Amino acid sequence: MLPKYIGRYRIIERLGQGGMGTVLRAEDEVQHRQVAIKLPNDTEPDTIRRLQQECEVLTQLQHHHIVQVYGSGSDPDLPFYIVMEYVDGVSVSSLVNPPGTRLEPRRALKIALGVAEALAYAHRSSLRIIHRDIKPANILLQRDTDTVKVTDFGIASVLSAQSARTAAGTLAYMSPEQAAGVGADERTDLYSLGVMLYEMLTGQRPPQIASTPAIPPSGITGVALPYEVRDRVDRLVLGLLANDRNRRTPQTAKELVEELRAIQEGRPARTGTSTSGSAPYAPTQRASAPPIPYPSQPPRSGPPPSRPYQERVSAPVYPQYPPPQPAPQPVYVPQPVYVPQPVYIQPQPVYLVPIIRSSGKATTALTMAILSLFTIGPLLALPAVIVGHGALKEIRLSGGQLQGHGKAVAALVIGYIVLGFTLLACLAIAASSGTHY
């Protein structure tokens, strides 16, 4: 039975219950706002310690994609509780259930981007907090804005303070290194996000900790990825699901944020963040054949297949998932299918010896200037000056492609000298005519 009050908070309803705590919706009668209160399921010291650890971690995180902590408290009947931001919305797990339910690809990528931004903030060098339990149930979407909110940092680790060598987490979304208990780091969260993105796109989870690689999302019948990003999304998802974390791509949440933004905006990723060329997946291709889009069909009907689910394991487990079962739809058989490769800009050839071209105007101007010295000066000097100026302008606009700057300058010098002497001669004649009169 729910209490009516916890401190100054009036309890409204139960929102949900997890392995360690129960979340209630309540009214803060002092601040006049709705909040979420997380209570321990029992009073065992380990449960209280984990809840206090979650409060300490969340207090350090102030990000619009992470549920905010308002405070904590205790009373005689309740040793510890956390007061958090109330998110009026749904969890991603409700969107991908029953099994086989897919999200529209652009919405799935938008949700993944919000989670990646939260992880990039938590992973930064001043914090180095890893979540270790990224899964659809821990990702909330606000009802009115569809804003992503990451919650449940109950088993998060601060890498600067502890080694994070336990296998705590949710098995279905756990990375191989986390399940083996050999140490978790920032790339552990990226693997879990890769599993979640695969599930949102395809309606099923990839094979877990298995030698058989996952089928690319676009290779699963009914997955309608936009044609222009199909190959890029396949490469990104399979790169995140690499068993060897040293080959996982991208290697940081910051790079993953950039790649997801670039995919959504239809542009190449900035240098150093693209997954092209580094992921273990290479699409098949055929030299001459038109692109064959994968057929689109509605989700299969009938009861959903059973899926094993295990939470909070404490030892390495290597199950084969999903278990063999009859497929109610055509089985994907890899076959040569033309998939367009990323378009690369062909670099322009660089000539070791530049092609030298000279300005014809410069040559013409110099010729007229020289002739003006020996013939009717002003009649050729003035055109030489005009053509010389035109040659200089042409050479300047060519950006160094045209030669002849020296010729144009020489033509201007000679032309202006001839015009100057002509002007002086005219002035002298005028002066002498005036004196004689």
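Side chains are part of it too, since the values below use all heavy atoms of this structure and drop only hydrogens, waters and symmetry mates. When a residue number appears, it is its place in the shown sequence, counting from 1. Only a predicted model underlies this, so the values are computations on that prediction, with no experimental measurement involved.
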Chi angles and distances behind the salt bridge (Lys or Arg N to Asp or Glu O under 4.0 Å) call for R267, E258: CA-CA 11 Å; R267 60 172 173 83; E258 167 57 27; 2.8 Å; yes
Test: R230 and D234 ion pair at under 4.0 Å: no
Non-hydrogen side-chain atoms of L197 and L109 separated by less than 4.5 Å: yes
Minimum-distance pair of heavy atoms, taken over all atoms of T101 and L95: CG2-O, 3.3 Å
T202 side chain to Q204 backbone, donor-acceptor under 3.5 Å: yes
Pairs satisfying salt bridge (charged side-chain N to carboxylate O under 4.0 Å, His left out), at least one member in residues 76-101, at least two apart: E85-K149, D88-R143
Distance-minimising heavy-atom pair for S74 and Y81: N-CE2, 3.4 Å
Heavy-atom pair of closest approach, residues P250 and L240: CD-CD2, 3.8 Å
Short side-chain donor-acceptor distance under 3.5 Å, Q178 and R132: no
Qualifying residues under side-chain contact (heavy atoms from CB on, under 4.5 Å), relative to V35, sequence neighbours excluded: Y9, A26, D28, R33, I37, Y70, V83
Sub-4.5 Å side-chain heavy-atom contact between I215 and Y198: yes
Minimum heavy-atom distance between L412 and V385, given as atom pair plus value: CD2-O, 3.3 Å
Over all atoms of both residues, closest heavy-atom pair of P40 and F80: CD-O, 3.1 Å
Approximate separation, where rounding is to 0.5 Å, of K110 NZ and T147 OG1: 7.0 Å
E13 bridged to R25 by N-O distance under 4.0 Å: yes
Exam field: side chain T59 to backbone C55, donor-acceptor pair closer than 3.5 Å: yes
Check ion pair D152-K135 (N to O, under 4.0 angstrom): no
Value rounded to 0.5 Å, distance of CG in L119 from CG in L190: 7.0 Å
Check: R248 side chain, A242 main-chain N or O, donor-acceptor pair, under 3.5 Å: yes
Atom NE2 of H389 with >12 non-hydrogen neighbours under 6.0 angstrom: yes
Step-by-step side-chain contact (heavy atoms from CB on, under 4.5 Å) determination, I111 to D146: CA-CA 9 Å; I111 293 172; D146 217 28; 5.6 Å; no
Interatomic spacing from CD1 in I220 to CG in L225 - rounded to 0.5 Å: 10.0 Å
Modelled atom types, side-chain donor and acceptor of E177 and S175, under 3.5 Å: yes
Flag side-chain contact, heavy atom, 4.5 Å: E186 against Q251: no
Plane angle bin for Y121 and H63 - parallel if under 30°, tilted between 30 and 60°, otherwise perpendicular: tilted
Heavy-atom side-chain contact between L392 and H405 under 4.5 Å: yes
Side chain H131, main chain T188, donor-acceptor under 3.5 Å: no
Check: E29 main-chain N/O paired with E27 side-chain donor or acceptor under 3.5 Å: no
Test: R261 and E117 ion pair at under 4.0 Å: yes
Closest approach of A120 to K254 (non-hydrogen atoms, all atoms of both residues): CB-N, 4.0 Å
Candidate pair V257 and L113, rule side-chain contact (heavy atoms from CB on, under 4.5 Å), full reasoning: CA-CA 6 Å; V257 168; L113 175 59; 3.9 Å; yes
Side-chain heavy atoms of T252 within contact of H123, under 4.5 Å: no
Side chain proximity check, V237 to P216, heavy atoms < 4.5 angstrom: no
Side-chain donor/acceptor of N138 to backbone N/O of D133, under 3.5 Å: yes
Contact check, side chains of V67 and L58, non-hydrogen atoms, under 4.5 Å: no
Verdict with supporting geometry, L61 and V150, side-chain contact (heavy atoms from CB on, under 4.5 Å): CA-CA 11 Å; L61 302 175; V150 180; over 6 Å; no
Heavy-atom donor-acceptor pair, E44 side chain to T47 backbone, under 3.5 Å: no
Flag side-chain contact, heavy atom, 4.5 Å: P226 against R106: yes
Inter-residue atom distance N243.CG - Y191.OH, 0.5 Å rounding: 5.5 Å
Criterion side-chain contact (heavy atoms from CB on, under 4.5 Å) on R232 and E259, from CA distance to verdict: CA-CA 9 Å; R232 197 167 176 181; E259 178 65 13; 2.9 Å; yes
Point-to-point distance, once rounded to the nearest 0.5 Å, from CG of L256 to CG of L236: 6.0 Å
Rounded distance [0.5 Å steps], CG in L201 versus CE in M196: 10.5 Å
